[in-house]
Asker: 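Questions regarding the structure given below will be posed in turn.
Letters go in sequence order (proteins before strands), and every chain restarts at 1. For the numbers below, each heavy atom of this structure counts, side chains included, while hydrogens, waters and symmetry mates do not.
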Amino acid sequence: MATNTRIILICSGKGGVGKTTLTANLGIALAREGTKTVVLDADFGLRNLDLLLGLENRIIYTAQEVLEETCRLDQALVKHKQEPNLALLPAGNPRMLDWLKPDDMQRIVKMLENDFEYVLIDCPAGVEEGFKNAVSATKEAIVVTNPEVSAVRDADRVIGLLNTNGVKPVQLVLNRVRPKMIANQEMLSVEDVTDILALPLLGLVLEDEEVIVSTNRGEPLTLSNVNSPASICYSNIAKRLKGEDIPLIDPAKSGSSLKNKFMRLMQTKIF
Amino acid sequence: MTLLDIVKKLLGRQQSSALKARERLQLVLAHDRTDLSSDLLQKMRKEILEVVSKYVEIDLEEGAVSLETEDRMTALVANLPIKRSLPINETEGEVSKE
Ligand SMILES: Nc1ncnc2c1ncn2[C@@H]1O[C@H](COP(=O)(O)OP(=O)(O)OP(=O)(O)O)[C@@H](O)[C@H]1O
Ligand SMILES: [Mg+2]
């Protein structure tokens, strides 16, 4: 059965750039807009998505039991209490890595496709088996990176692999952006990164201490009505994903003091 | 290159680390994307210079063959300042030596 379900892999190459945080926040943000969404933890080695969503104590079955057919899919899905439009399919035992094949990932995603409008797959870091399995089951991808040389280099590698596997569209999320550092030209700018990677920018996420506070609590930022800088960024990304035309915030334009204006002038590209 | 970079240059200051990062990334990605080792690139550079110098006299000091990348397209760029073209008989002589 062909469905219109959006299947989106959230990947990065380099570890620790913010894939799981983005998956959790997007999942909640989409669900809040009334979209039936499932987040699939494909990081079987180091699962964390349950923890960021605050669902770690409610897991009974995982993707493993579903694949082994010792439970039904709906038994393994963990519904979010506050946002019942969101469900998590937890990763199984790390030993799953020994036998999991692209076929298995495709089977899981096929099952999820029937009941959800969005399937977000939280990809493991790296470009080995775990990544390949996840890529085989996806239609589109979001590449997450940070404005740092190693993260951008690894993102480039991943983009190449997504292209050769026919994943389309591939969009970019630039995470942990620090406007002040960019203004002082001590950090790659948003434009630098999109130029180098030649990908359309789905959005940027500002560096924000509240991200850590929210992970402590297991309550993604998009769950609360209090808007922190990163929370607004995540909500905007969810809206753009659904096709809404939300303008990008320009980190260079934040602040209108004379110093800021001067720094902006100094960033004029000469050649 | 931005205004700030130029001002820094004039003041003899270090170039900004963002510019440095951009330059380093562009270089390393050109290599990553083609999967050419620097050994192979070196060899190719040498052979290209040999072929070109059969026809024109080039400035070997200034000459550069490098990889550049833009929009996920990598180009092999040769920048070889020509001192003079070699007279016909001289080129033929060079070629027939093969
Ligand atoms: N915008 C942000 N501001 C501040 N901290 C952030 C931001 N995004 C992510 N972090 C922090 O970065 C760390 C890594 O985030 P996360 O676990 O989402 O990355 P990941 O890409 O899923 O990592 P892994 O590759 O290990 O799965 C976490 O401690 C998280 O709190
Ligand atoms: Mg993760």
Asker: Counting only heavy atoms from other residues, nucleotides and ligands, does the tally under 6.0 Å from CG of A:Leu46 exceed 12?
Answerer: no
Asker: Sort out for me which of A:Asn163, A:Val149, A:Val152 touches chain B most, counting heavy-atom pairs under 4.5 Å.
Answerer: A:Val149
Asker: Could you report the tightest heavy-atom contact between A:Glu186 and B:Ser17, atom names first, then the distance?
Answerer: OE1-OG, 2.6 Å
Asker: If you count heavy-atom pairs under 4.5 Å with chain B, which of A:Ile159, A:Leu199, A:Asp195, A:Val193 comes out on top?
Answerer: A:Ile159
Asker: Does B:Asp32 pair with A:Arg157 as a salt bridge, N-O distance under 4.0 Å?
Answerer: no
Asker: Can you see which heavy atom on B:Ala18 is nearest to which on A:Leu188, and at what distance?
Answerer: O-CD2, 3.8 Å
Asker: Quick one: of A:Met181, A:Met187, A:Arg153, A:Glu148, who has the most non-hydrogen atom pairs under 4.5 Å with chain B?
Answerer: A:Arg153
Asker: Is it the case that atom CD in A:Glu209 sees more than 12 heavy atoms from other parts of the structure closer than 6.0 Å?
Answerer: no
Asker: Decide yes or no on side chain to side chain contact (heavy atoms under 4.5 Å, CB included) for A:Asp156 and B:Leu25, but give the supporting numbers first.
Answerer: CA-CA 10 Å; A:Asp156 190 74; B:Leu25 268 170; over 6 Å; no
